[in-house]
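Both backbone and side-chain heavy atoms feed into the values below; hydrogens, waters and symmetry mates do not. The chains referred to below are lettered A, B, ... by the order of the sequence lines, with proteins before strands, and numbering in each begins at 1.
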Amino acid sequence: MLDLFLAQSAFPQAMGQGVLAHYLFVSAAMFTLGLVGFLTRRNLIIMFLCTEMMFQAAGIALVAFSRYHLNYDGQTFVIFVLTVAAAEAALALALVVFLFRKRDSLSAEAWLEMKG
Amino acid sequence: MDMIVHPALLFLALAIGGVGVALSIPRRRFQASLVGGIIAATGVGLLIVGLGGSALSGDGTLPSPVFHVLAIIALGSCLQVITHRRPVYAALYFILSILATAGLYILLAAEFMAFALVIIYAGAILITYLFVIMLASQSQVEGQEEGLAEYDAVGRGPITATVASFALLAALTVLVFSGLKDIPAPDAARVAAAEMAVLDRLPGKVEKALAREGLIESGEIVVGVEEAQGVATAVVRGIGGGQRRVALPESVSVTNTEGLAFNLLGDYPGTIEIAGVILLMAMLGAVVLARKFAQIDEEAKAAAAAALAEGSTTGGQGHA
Amino acid sequence: MSLLHLLILTPLTFAVAIALAPASRARTIATIGCLVPIGPMLVALFNFDYSRGDLLQFAANIDWIPQMGLSLGVGVDSVSLLLIALTILLGPICVIGSYSAIQDNHKVFYGWLTGLQAAMVGVFAATDLVGFYISFEFTLLPLYVLINLFGSSNRKRAATKFFLYTFTGSIIALAGLVYVVLHHRGIEGAWTFDIPTLASTAMKMSAGEQALVLLALMLGFAVKVPLFPVHTWLPLAHTEAPTAGSVILAGVLLKLGTYGIYRFVLGFVPEAVIAYAPLIAVLSIVGIIYAGLICWVQKDVKKLVAYSSVSHLGFCVLGLVALNNIGLTGSVLYMINHGLSTGALFLCIGMVYERFHTRSMDELGGLAGTMPIWSSFMVFFVMASVGLPGLNGFVSEFMCIIGTFQSSPAWVLEGRAGAAGGSLGPWFAFAAGFGVIVAAMYLLYMTGRVIWGTPKHPHGHGNGHEDGHGHTPPSDLNTREIGLLSVLAVGCLVLGLYPTPVIEAIEPSVERTLAPYQDLLEARAQALMLTEGEG
Amino acid sequence: MTMFAGTLPTLLAAADGPFIATGSAPQWVALMPGLPLLGAALCVLFACLNVKSKLPGYATVALLAGGFVTALAAFLQGPDGYGVATIFRWIHASIGADADASITANFGFYMDGLSMLWMLFVTGLATVIGLYSTEYVASDKGLGYCRFFFAFNLFVFSMASLVMADNLLLLFLGWEGVGLCSYLLIGYFYKKPEAVAAAKKAFIINRIGDLGLLMAIGATFVVFGTLEFRPLFEMIAQGVDGKGQAIGHTWVVVVIPLLLTAGAFGKSAQLFFYVWLPDAMEGPTPVSALIHAATMVTAGVYLIARMFPLYAADDAMVALTVVAWCGAITAFWAATIEFAQYDIKRIMGYSTISQLGFMFAGLGLLGTTGAVFHVFTHAFFKATLFLCCGAVMHGFGGQLSLRRLSGVMWMKGFGITGVCMFIGCLSLSGVPFTAGFFSKDMILAQAFATPDEMIGGATFIGLLLLLTATMTAYYTFRVFFRVFVGPRHFEPGEDDHGHDDGLGHDAHAHHHHNPTEEEEGDALHTGFHPHAPGWAMNGAMVLLAVGTILVASLYFVNKKEDHGWAGTMVRHSTAAYPSPGLAHGKDKPAATTVEPLPLGAPAPEHGQAGKPHAKAGTFLGQDPFKIMYYVSAVLGLIGILAAAWFHAPKGAWGLGIGNRELPSKVRMDAVAARFGPIPKWAENKWYVDELYHAIIVKPLLVLSHVFHAFDKLVIDGLVDLVGALPRWLGTLLRPSQSGVLHGYATGMVAGSAVLIVLVVLVAMWS
């Protein structure tokens, strides 16, 4: 039963393009959702969360391609994505804390120094 | 442009999805999360149906039903992340989406990545997020009756954002769906050779497997794996020093973790170093940035110095 | 690696050394760095084969991006050699002349000044378009810094305007140059940036293309010269620049424009030059008289000399578009002479400014009594600038005017003994001649106000230290200053009394530049004769 | 061409074509400009060494004397020494691929009679006046002394270069060089604003004329292909240009001479250009004497005399007619102004303009000999007059007004000055047997001898010149009678020595305020004592006065052959020309002889074939060259008598008719009063300066201001506008920068979408 669910195709076997398309669509949709979130939410933390979501979407696409091509490069790349995401999370959250201390607010709109 | 999904269907589905997402964004007056979610799900469903149809008519492969479940969970929780007014819930939904994604990774036979994702993302990063959310929101809550900040309660320009984002999505999907068929299928020989190269570097594993299968005797050592007459064979050295070849049985295969490990550490050792440096720098940066009162001290110092200087000059003049 | 690479790299090395060394040593290093290239320069001057001044000598090539035909090629013909000599000569004069004027920030000042030296030599030495253009643009940066940090009150605006104005011009010129390169690639199918090679193919462009390229190049180089309607950056930059900056600006940087016209406009697009020479000449003449008259109503001595540069370089361009040997030779000679005499004038003004902290003619006066040595030098250089025969200015000015006079097609048609090709004529020379009168007017007006008359005590003069002791009259020039001015004065005198070697050195290069013009001008004269016959 | 074909043989047959020095002159003639140049260098050296003695002055005099000796030596060689001496190559530039065609200007010296004559009086007078100056500017020892003698030396060098140049460009060098020295020396008293202004004016007005000269040089070069005199005059003698084309009847012989004339008029202060010369009297008097009377201002005459073949090559004599008329008008015009002037130095200045007008008239009337001789004599007597004026000025604290001086000759120490002045005045007035008498007569006679057909209105010019000669006698003796004779009286001028030069001035002035030596003078100025000229000044004046007397005798040297020594010199120069009525050689008696055809005269077929086309004119039916002695003598005496009647004091020096008793009260005042404002106008020089100011200087100044404003506002404004355009555009686009992160992010997303769509579209399209 589990086999039926899991093994759409056993590992060394090639994955069909149709299946790949599904994964890519999920990836793109998740990316777009992250994007929409980034653009609409005003809480800095949520905005960063949305960027993480976009990372994840990219991860799905990479892993899907890795599976399709039957090599590990895509997954290796996801590890780097994870690294960068972790680094980004650390820095971004530190920044958020820093900014929050300055303005006592998490709103991205509290920062308008770049206004022309 | 030849697409695997009819463009009309694609754009319709995306439009429906867009409307749904736009609806579910928090607004000042209302938030139609549920309605929006349903509409968005309709759009996604429409497209997945279309995709499934084209996949069936194409190479006839279809993702397993588990995929559909996980995809719905992932996308749904993502929608919640971006629409939920309370950051804590958003973070929690994000964890849910991570879990669903990890499931998708397993479906893609990337077990290592699935677990790494759960550990790193759900276990480490998101927890940090939760901490920060709580840390940063605490003082905010005191002033606010409802406990909900205005910037959390109201989304910014949902229509513009959705239109721009879905336009990008449309562009991306068009590219993906029209270009997908040009992606070549993996070359079986090359894949096999790569696998053999990995096995070649894992003589112990091969030896164990062969011993378990009883294909070699104890005392014999596997020195390598290479291809012979189109079949993957293990090169076995006997006790006397003589070598022979043993065809590898089906059960001897490279696991995901092994393959990934060799790929990562064998093919990209430099980059892993760089990744380490990035993490180190991020750590240092985070420490520097988050150091409390550093900036305030500087400012205070400058102000105090200015005040002192002014006082001394006026004082000096007064004396003169 | 050739002598020329050495000449470029030496100042550059010293500039880097200044940047690295402590600030207290900057001045010494800069002095050495500017004096050292005199050695290789002399070697170059003595080893140059003047009889073949048209050839690129001391040529050397360092490949850079061979696939694109890019290389750092250097080589000089006689014109470039003389201009490099001028640059090398003015270098130490600027550095030593700034000893007392620049009080702090030595590293920045001397570092950039020395770096500028390298860039200017690079412009004249480059045989490669890219090398030329890089050097050409790089000259902007040091001067921008010098004006911006060491200028007078309005220096920021002056520096920005100087930079943006000339940079805009150069970009337009670049478009023209790039077009020539692309055209070459279109014909020959290979990339090259070698200037002589490009010149030979550029001449094959159609008349329309040539006109466009001429327009682009002239726009760029005219700004640099500067020619009449695009000159307004110069007075501002000069007024605000520190003395050394003014000297270099007037002495060498303006010559980049005329050198560009000589090398690229005249070298690349002969047909268009013949067609548009009268127009350019009219602009030059308008500039000569217009700027001269503006000089006449200036209150600021330095601004007056700055406008006079506009006027003087009008003669230079006029000589270039005369398109005959005398005009071109005179024009090249003018580049050198103007560098000497106007550079010296700026130096003189700087020396007075150091003492009185003013350049206003209302506040200065009667310096002949208080500073006789300075006044003697000033009168000398004013006379050189006025174009007094026996001094350098005259020879070149005269040759430019005679060249213009000669360059009428009518003379050729009439078969005059002294006829030489061209598309100007006596009326142009006559109009330009008024510039000679105007030059006397404004320069003597300035002399009358500043040198003669009763001594005045400018308000700005002296700082607190001197005020404490009452009015100490500023001292006359010291030995260092006398030495600097003497060098230039000797140059002026020698070039005025014995210019023949220089003229003869320039001639081969000029003849090569004019070689493509002979046939074109003859054809043009014949066409004129036909139309006249019909008319 | 046909006309020319007839003229050419006549030309070649003419025995007296332009003399072209063909040989080579000795190299040592270069000492003439060389020694003063050395002197100038020495003065620079002295200035550097801070010499405070009269050493620079004496060194200058010694070197100038050396120059004079060189000139004498060259002169004594006679015509054999005439030729070209090339010292070194100055400018040489080829004009084309053809190596032969080149513009060449060497430091080369063209020695012929004309340059010889000029060099003799230039070096001679410079030596004497240099001697005079050693004392005159002595109060500036250590201050401007070196500067003065530097410029003085440089002047002599430049003048020598001008006169001896073997090409037009070297001539131009000298031409501008004398202008520079004139500028430096007029502005010698640089603290006087008038002196500075005068110096500037002189230089600039000269420059205007120089433009003409420069254009003439250009045209000459284009037409003849050379600037060197020898080939140039060879071509002109043959009537061809550099390519062998005939030049007669073309613009060449009209335009080039007219352009040269413009240059000559600028330098010699003629017609429109005269305004600078009176102002130039602000300079030290020796300078006025040497530069602005004797030598530099005659450079214009020299130029025309030198280029005379080109002028004469024109059949219609257009340029010469212009020269003659302008000269005569200037002579008369300047004389009218003199009537109402009171500054004795300015009177001498205007007199110089007037006399230069005579010389130009003489040249224009084809009488080169007369003109050149007048240059020579004028140099002597005008220098004498100036030096005497200078002695007065030096002695009376810069006083120059003839209303405030009287009986100077009778004051202690001024006797020599008075006598010399008298001699000079006699000569300028043209009293018989003085130098001025003979030389002026030649010009006057020439005016009547030259037929009107050759020079339009020659007779009228003659009458005008006769009138001017009478006026000259009047105004000359007006000065003499009022200033030098009569009751002793003076009011010292405002400053010592006519200048004010810092520290030296105070010490010097103090020295003279010595009441015990008070002998005579105005009660109002008891502190002032006249400062009589010393040995150097007296010596110089005497030398010149004697010279003035002696040069008269030159008229009788070679009288038969060449009409005087000057004629001999002119005959051996490019200025040689068979003046109508004044043929050369004893076989051609004057006036009755058939006059040889001038260069480029109308072709025989137009005139009477084979016969002279015009006879020399007559004056009252007599040979003008004979009768003019009497006419001009009578007229001169009339002028002197008029001066005596109006201005002379009572007694013997008033010739018995004078009645002046007070320094400033004369009969003339009553006469002048009858003319209403006219004398006032004349005193103000007919307001020509004001007119120039109003119609040239002022508009030009306004134009300059307009240009300046235009440059600032319009041209630079446009530039700034272009510069402001991006800024303005930026302001427009500025609101798009909301400063909110989301705005940028949305832009980025939309931008990426657009880019991808574009890529897709491009991919589809291609």
Where on A:Ala108 is there a heavy atom nearer than 4.5 Å to chain B: the side chain, the backbone, both, or neither?
neither
Name the member of B:Gly259, B:Ala71, B:Gly17 that forms the most heavy-atom pairs with chain A at distances under 4.5 Å.
B:Gly259
A:Gln56 side chain to B:Phe94 backbone, donor-acceptor under 3.5 Å
no
Considering only heavy atoms and a distance below 4.5 Å, find which of A:Thr40, A:Leu24, A:Leu39 pairs most often with chain B.
A:Thr40
Between A:Asp73, A:Leu20, A:Ile79, which has the largest tally of heavy atom pairs under 4.5 Å with chain B?
A:Asp73
Calculate, to the nearest 0.5 Å, the distance between atoms CG and OH belonging to B:Leu108 and A:Tyr23 respectively.
4.0 Å
In terms of heavy-atom pairs under 4.5 Å, which option from A:Ala92, A:Ala64, A:Cys50 contacts chain B the most?
A:Ala64
Considering only heavy atoms, which portion of A:Glu109 lies under 4.5 Å from any heavy atom of chain B: side chain, backbone, both, or neither?
side chain
Does any heavy atom of chain A fall under 4.5 Å from the side chain of B:Thr160, the backbone, both, or neither of them?
neither
Please check if the side chain of A:Gln75 supplies one atom and the backbone of B:Ala110 the other of a donor-acceptor pair under 3.5 Å.
no
Is there a donor-acceptor pair closer than 3.5 Å between any side-chain N or O of A:Arg42 and the backbone N or O of B:Val154?
yes
In terms of heavy-atom proximity below 4.5 Å to chain B, should A:Phe80 be classed as side chain, backbone, both, or neither?
side chain
Segment of A:Phe65 engaging chain B (4.5 angstrom heavy-atom cut-off)
side chain
For a 4.5 angstrom cut-off between non-hydrogen side-chain atoms, does B:Tyr151 reach A:Arg41?
no
Evaluation steps, side chain to side chain contact (heavy atoms under 4.5 Å, CB included), between A:Tyr72 and B:Phe112
CA-CA 11 Å; A:Tyr72 298 97; B:Phe112 180 82; over 6 Å; no
Is it the side chain or the backbone of A:Val97 that comes within 4.5 Å of chain B heavy atoms, both, or neither?
side chain
Using a 4.5 Å cut-off on heavy atoms from C-beta on, say whether the side chain of B:Leu168 contacts that of A:Leu35.
yes
Of the backbone (N, CA, C, O) and the side chain (C-beta and beyond), which part of B:His84 lies under 4.5 Å from a heavy atom of chain A, both, or neither?
backbone
Pick from A:Val26, A:Leu93, A:Ile46, A:Leu44 with the largest number of heavy-atom pairs that fall under 4.5 Å of chain B
A:Leu93
